[in-house]
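Every chain is numbered from 1, with letters handed out A, B, ... down the list of sequences. The basis for the numbers below is simple: all heavy atoms, side chains too, and nothing from hydrogens, waters or symmetry mates.
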Amino acid sequence: MSTAGTQAPLTSPPATVRIIASPQSWVEGEAVRQLEAVARLPGMRHAVGLPDLHPGKGAPVGAAFTSEGILYPYLVGSDIGCGMGLWDVGMLARKAKAERWAAKLDVEGTWSGDAEGFLAEEGVKASGFEAALGTVGGGNHFAEVQRVDAVHDAEGFAALGLAADRLLLLVHSGSRGLGEAILRAHVDRHAAGGLLEDSDDARAYLTRHDHAVAWARANRALVARRVLDGIGAPARRVLDVCHNSVTPRRDAGGTRWLHRKGAAPSDEGPVVIPGSRGALSYLVVPLGDGTGSAYSLAHGAGRKWTRTAARERMKERFTAESLTRTPFKSHVVCENKDLLFEEAPPAYKPIDRVVTDLVEAGLVRVVATLAPVLTYKTRSREE
DNA sequence: ATGTGC
């Protein structure tokens, strides 16, 4: 094993496949088939499905993959750098004006400030997509003002500088059109094929990928700033993690390419695992050495219903107006009706089960649960 | 997912 040649990685034994989900966490068969198909790609070593595993476009979402000698941009997908940022808001929860904020908060369209200057402060170069910097995007993206529901680990909670009576802001967004353009340029040349790690194409992709990851992080920071300007409060970034990326990582066997597709890192400190807009989010601390889970965790609840099914089922049972409030009495800003139905809470799996699976697998400790106060999706009727 | 595809 000490003399692995350059050809060895692509012809060695099949990857291991592990799905970290209890029988109570229902996982769609198609998602499992997708995971197994990815595991058969040349150079693949480990394929890990997390408890929010669900089918994606070709490759599953809620999964992490490690490979040797070759990397696969299409496994990361088009929203390179997508992730979650959490801010500690300098305002008491009892001072929240959710109804007033829901009526007027507007984070739509190009930011009126100096986007390139903002990027420079974040240490990120401009990309040409700055018209979208500071916008939430579509799909499952959101900005959510939250309150602390319960503290389960007072020491861990205090260590993050948090206080139980203060608001928080969670932002889930990505690299908007930038990542999409990067993947499209790759797919035009290589389709779903991988890139040999020592190739010029791999180096070029990784340079653009790393830029999109940094730009996406800055995007979340600007979304947070726009929301905070809207509610008139200061804030401090507590954490920011990316769940769509490919990064080199050394482990016992040598350098591996760690692909995360809807999988939060377990090696970068605490993360937030959100449920639907009508459910709690979990602030957790990763446990263990990460080797059995590809250094990854679930990134959210995961869809239970397709968007099409969710639209049909929810329209039969609920009015759009009723979906702008949740069982937590929180407010939802989503003026696009299709998106309002697609993202309704029943379209997602129960987040408590997803997190319990992670706890039972020894992968996380729960620090606190966070409840929604105001979920901002979009003010626009289109998109 | 997408300054979105026919």
Student: Please report, rounded to the nearest Å, how far the P atom of B:dT2 is from the CD1 atom of A:Ile182.
Tutor: 14 Å
Student: Nearest-Å distance, CG (A:Leu133) to P (B:dT2)?
Tutor: 13 Å
Student: Under 4.0 Å between any heavy atoms, over every strand shown, what does A:Gly174 touch: base, sugar-phosphate, or nothing? Just pick one.
Tutor: nothing
Student: Does B:dG3 have its OP1 or OP2 closer than 4.0 Å to a side-chain nitrogen or oxygen of A:Arg176?
Tutor: yes
Student: What residue pairs, at least two apart or across chains, pass side-chain hydrogen bond (donor to acceptor under 3.5 Å, both in side chains) with a residue in residues 365-376 of chain A?
Tutor: A:Glu108-A:Tyr376, A:Glu144-A:Thr375, A:Asp149-A:Thr369, A:Asp153-A:Arg365
Student: Given A:Val246, which of A:Leu206, A:Leu75, A:Leu258 fulfils the side chain to side chain contact (heavy atoms under 4.5 Å, CB included) condition?
Tutor: A:Leu206
Student: Take atom CZ of A:Arg307 and atom P of B:dT2, then tell me their distance rounded to the nearest Å.
Tutor: 10 Å
Student: How close or far is atom P of B:dT2 from atom CG of A:Asn336, stated in whole angstroms?
Tutor: 13 Å
Student: To the nearest Å, give me how far apart CG (A:Leu178) and C1' (B:dG3) are.
Tutor: 12 Å
Student: To the nearest Å, how far apart are A:Glu342 CD and B:dT2 P?
Tutor: 13 Å
Student: Could you state the atom-to-atom distance from CG of A:Asn219 to C1' of B:dG3 in whole Å?
Tutor: 13 Å
Student: For the residue pair A:His186 and A:His190, does the interplanar ring angle fall in the parallel (under 30°), tilted (30 to 60°) or perpendicular (over 60°) class?
Tutor: parallel
Student: To the nearest Å, how far apart are A:Asp338 CG and B:dT4 P?
Tutor: 18 Å
Student: With a 4.0 Å cut-off on heavy atoms, is A:Gly77 in touch with a base, just the backbone sugar-phosphate, or nothing at all?
Tutor: nothing
Student: Identify, with sequence neighbours excluded, every residue that meets salt bridge (charged side-chain N to carboxylate O under 4.0 Å, His left out) alongside A:Arg203.
Tutor: A:Asp200
